[in-house]
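Atoms considered below: every heavy atom in the structure, side chains included; atoms not considered: hydrogens, waters and symmetry mates. Since we're looking at a predicted model, the values are computed, not measured.
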Amino acid sequence: MKRSVTITWILLLAVLAGCWGGFWLRYSNEADNKAVVTTIDFREFRSVANFASRDLDGVLADLQTAGVRNVAVKETTVRDLSERGDIGLYSFAEFKAEMESFSNEVWPQIEEQLEGLTINPSNRVLVSSDPEVTAFLQERLSRRFTPDELIHFSVADRDYFILRTTLIAQTRTAANKMENLPPIFDARLGFEEPVLDALTEKGFNIVLMPGQNRGSNTEYLEEYRHIVEKYGVEIMIIDGNYVPGYPDHLDALRELVEDEDLTLGIFETSVQLGYMEQKGLDEIMEATGYPINRVYSTRNDEFLDDVNERYYRWVRAVVDRGIRIMYVVPFNDQKLSFSENLDETTQKLSDFHNTISNKGFVLADKTAPLSSEMPGTFHWIMIALSLWLGSFLYLLYLLKLSGRWKYIIAVGGAVLAILVGLVAGAALEKLYALGAAILYPTLASLVWIIYLRDHREKHGFLRQVVTSLAILLGINLLGGYTIVSSLADIRYIMNVELFRGVKLAFLLPLLMFGINYLVVFSGEEGVVKYTAGWLRRSPSYLALGLIFVLLVAVYYYVGRSGHTGGVAVSELELRLREVLETIFMARPRFKEILIGYPAILSLVYLYRRYPFKELVLILGLGAMMGTISIVNSFSHVFTAITISASRTLAGLWVGIVIGLGVLLGIWILEKIWEKWIQPEL
C-alpha cells in the first residue's frame, strides 16, 4: 500500500510537470500584461466642464498632472452639432408643424422639393445655414447613407438634410443622475480632425471609439484607417451595441485591426462576469487572434457616492481582476457641484495612479501584445492523466486497494485518460478545471485527517501544525496549478470564456470531507454502524459550541461564495478590506483568515488534548472552507497567478496570526473552566 502510494505520487508529479507548457503560457502572458492604460471620455469631460463653467484646457491639464495620458474620443454625431448650435435638429413631424405655423414662403418651396417622396414623421431633419457645416454634413452623410436614405436640398440660403431611415437609439447621460432622460435617435458622422489635432498637440494619445451607423452605405469604414494612421492610434474600443459594418461588412474593421496591430478593448460587465455583448465583436476577435484587453468603465460606480469606495473598486479591477484599460467618466455625485465632481475625479485618478505604480504596475500609453497560442494535444493528455492519477491516489487512501484489481484499475484508468486527452483535447478544458477544483481539496482533506488520526499522540503540536499546513497547502496548490494549466489561453485571461464551476467546487469538497471523515474514523465498525452510534451519543458542551460556530461559518461561507451570495458586506468588513489592500498586494480572503487557518490550529490543539473524533468533523469542515478558498483563488482565471499566489501567502501569515489569537482565547476559556466552572459541577 505504502509503496503504491509513493509510486503514484511520483508519477503524478511527473505528469504535472508535463503540463508546464500551459502554465507557462498563462504566466508569460500575465507577466507581459503589466501596462495599465487610463483613458478619459473626452465628450463627458467636455460636457461637465461646460456645466461647471470651467476652461476645458485647464481641466485637461489637471488630468495630465494626475497621470492621464489617453483620451477616448467618440465620433461626432448630429446631436453633438445640434447641442453646439451648428444645426437645427427636428423630427419631420416637429419640423413640419413649426414651418406651417408661420406665414412664410419657405414651406411651400420645401413641399415642392419633397413632392412625391414618402417621409416618416419620425425621420430626422437637419437644418444648416453655415457653408462649412453644410459641407461637413454633405461629405459625412453621403458616405453613410444611400441616395434613397438621404434627401438634401437648399431653400432660402439654408440646407436641409432628411434621413429616411431608422437611426441609432442612444441613452443620454443626464447632468443630474436622478434625472431620467428618454433615449435619442442619433447618427454618427465620424471623427473631427481639429479635435484630434488639439488633443495630440497637448500630448494626449487617442483611443478611438467608432460605432455603427444604420445607413446602408459603408464607405465611411475607410475613414477609420486614415485616422488610425494619422494619429498613431493603438487602442480601439467599440462605441455602442454594434461593431461598425455589422453584420455583412466586418472585413474592413478586421483588416484594420490586423494591419495596424490594434488592441481591441472589451468592456467588463457591471456584474464582473464576462464582457459586454457588442454584435460583431466575437467575429472580429476570433478572426484576428484575440488582440484584446479588458476595459473597466467607471460608469459602473455611479451607484456609489463615496469616492473612496470608487477608488478601491478601481484598484481591485486592476489587481484582482486583471483589467488593464480604465475608461473614466467624471463623477456624478448630486450632492456636489459639477466643478467639485471634476476635482474629485481628478484627485482620485492621481491616487489611483500612485497606488497601482506602487504595486508594480506600469502606467502606459498602450497595452502589451499578448500571445494567442493554444495548448496542444500532448498538454491535454497530461492534464487528463494527472486527474486520473490524483483520483487513483484518492482511491488508494480511501479504499486501501490491494491485489491485482489495484493494477487493473490503475492501468485501465490511465488508458482511458490518455484516450480522453487525445480525442477530446481542449473541448473538456473547463471540465478538467472543475475536476481539479473538486479533486485536490478532497484528496488533501483525506490525507490530512489520516495524518491527524495516526499521529495524534506521536507528534508534538508544532510539528502537527507544520505538517498539516504542508499537506493542505501543498496538495491544494497542485489543484491550483492544474486549474491554471487547464484554463491557460488568452480567452480565459480576458474573461471571454468563463469558468462557471466555482459554486460546485465550493460545496462538493465539503460533502466529500464528510465521507472522508466517516471512512477514516469508522474503523472496523463500518460507516453505517459508526454513524448510528454517533447520532445516539449526547454531544458535549464543547461540541455544541463548536457546532454553533460551524453553522455560522457555513452560512457565511455559502452566502459569500460567488457573485450571487446573500450575505451583504458589512461596513466593518469594507474598512478591513481597505486596510488589507493597503498592506498587501492583494488582500487575503476572509474565509481563509477568519475560518480556515484558525480552524486548523484549533483542531490540532484541541484534538491532541481531547480525544473527541467529532472535533475533526466540526473543525475540519471549517479548515476545508479555508483551503477550498485557496483553490478558488486560482479558479478566478482573469486574476494573475502571481496575485493569487500573493493572496494565498498573505492569507497564510494573517490566518496564522489570527489562529494564534484564537488559541489564546481557547486557552483562557480552558483556565476559566478548570478554575471556576468545573469545580462547581
Side-chain angles (χ1 to χ4, degrees), residues 1-10 12-13 393-394 396-400 440-479 509 512-524 530 540 542-543 546 550 592-593 595-628 630 648-649 651-671 674:
M1 165 68 178
K2 188 175 181 180
R3 182 182 177 187
S4 298
V5 167
T6 302
I7 292 172
T8 306
W9 270 114
I10 293 171
L12 173 60
L13 295 175
L393 258 179
Y394 177 71
L396 284 176
Y397 280 112
L398 188 72
L399 305 179
K400 299 178 182 178
Y440 284 97
T442 302
L443 175 61
S445 70
L446 178 60
V447 175
W448 180 46
I449 59 178
I450 289 174
Y451 167 76
L452 292 178
R453 181 197 64 186
D454 296 344
H455 297 84
R456 175 176 167 269
E457 296 178 342
K458 295 179 183 178
H459 293 170
F461 170 74
L462 183 59
R463 183 173 178 181
Q464 283 195 38
V465 168
V466 172
T467 305
S468 296
L469 292 174
I471 290 171
L472 293 171
L473 281 172
I475 296 177
N476 279 301
L477 286 175
L478 291 180
M512 295 303 296
F513 176 81
I515 295 173
N516 292 342
Y517 168 82
L518 291 174
V519 172
V520 170
F521 284 97
S522 62
E524 296 181 358
Y530 174 82
S540 64
L542 176 61
L546 291 174
L550 176 65
E592 297 169 34
I593 63 176
I595 301 176
Y597 291 111
I600 293 171
L601 269 64
S602 299
L603 175 54
V604 172
Y605 174 79
L606 291 171
Y607 189 52
R608 291 185 74 253
R609 291 176 59 82
Y610 308 103
F612 302 133
K613 298 175 183 178
E614 293 82 358
L615 288 171
V616 178
L617 175 62
I618 298 169
L619 290 174
L621 282 169
M624 282 293 291
M625 292 176 196
T627 54
I628 290 170
I630 294 172
T648 300
L649 184 60
L652 173 63
W653 292 117
V654 176
I656 287 176
V657 170
I658 293 176
L660 291 174
V662 171
L663 287 184
L664 177 61
I666 291 173
W667 181 80
I668 292 173
L669 289 175
E670 283 183 315
K671 295 304 179 185
E674 292 171 0

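Closest heavy-atom contact between Ile595 and Gly622: CG2-O, 3.4 Å. Scanning both residues, Ser4 and Thr8, for their nearest heavy atoms gives O-OG1, 2.7 Å. Nearest heavy atoms, Trp448 versus Ser468: NE1-OG, 2.8 Å. Closest approach of Ile630 and Leu473 over heavy atoms only: CD1-CD2, 3.4 Å. When all heavy atoms are compared, the tightest approach of Val662 to Pro598 is CG2-CB, 4.0 Å. Shortest non-hydrogen contact noted between Phe513 and Ser445 is CD1-CB, 3.5 Å.
Looking only at side-chain heavy atoms (C-beta outward), Thr627 and Met624 come within less than 4.5 Å of each other. Taking the side chain as every heavy atom from C-beta outward, Ile475 and Val447 approach each other to under 4.5 Å. The closest side-chain heavy-atom distance from Tyr605 to Trp667 is below 4.5 Å. Counting only heavy atoms from C-beta outward, the side chains of Leu398 and Val520 never approach each other to under 4.5 Å. Side-chain contact between Tyr597 and Leu469 is present, with at least one heavy-atom pair separated by less than 4.5 Å. Within the 4.5 Å cutoff, no side-chain heavy atoms of Phe521 are placed close to those of Glu614. With contacts defined as side-chain heavy-atom distances shorter than 4.5 Å, the pair Arg608/Glu457 does not qualify. When side chains are defined from C-beta on, Ile618 does not count as touching Phe612, because their heavy atoms never get closer than 4.5 Å.
Here the side chain of Asn516 pairs no donor or acceptor atom with the backbone of Ile449 at under 3.5 angstrom. Side-chain N or O atoms of Tyr517 include one that pairs as donor or acceptor with a backbone N or O of Lys613 at under 3.5 Å. For Glu592 (side chain) and Leu652 (main-chain N/O), no donor-acceptor pair under 3.5 Å exists by modelled atom type. Looking at Arg456, its side chain does come within 3.5 Å of a backbone N or O of Tyr607 through a donor-acceptor pair.
Residues satisfying the ring-ring contact (aromatic ring centres under 6.0 Å, His included) test with Tyr451, not counting sequence neighbours, are His455, His459.
Note that the CZ atom of Arg609 and the CD1 atom of Ile666 stand 10.5 Å from one another [nearest 0.5 Å]. If you take CG on Leu603 and CG on Leu606, they are separated by 7.5 Å, rounding to the nearest 0.5 Å. Summarising the geometry, atom CD1 belonging to Ile600 is positioned 10.5 Å from atom CD1 belonging to Ile471; distances are rounded to the nearest 0.5 Å. Of the inter-residue distances, the one linking Ile450 atom CD1 with Arg453 atom CZ reads 6.0 Å to the nearest 0.5 angstrom. Interatomic distance, Leu518 CG to Leu617 CG, rounded to the nearest 0.5 Å: 7.5 Å. The CG atom of Leu478 sits 6.5 Å away from atom CG of Leu12, with the distance rounded to the nearest 0.5 Å.
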Practice problem: Determine, stepwise, if the pair Tyr440 / Ile628 fulfils side-chain contact (heavy atoms from CB on, under 4.5 Å). | Solution: CA-CA 9 Å; Tyr440 284 97; Ile628 290 170; over 6 Å; no
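Heavy-atom neighbours of Trp653 CH2 from other residues, nucleotides or ligands within 6.0 Å: at or below the threshold of 12.
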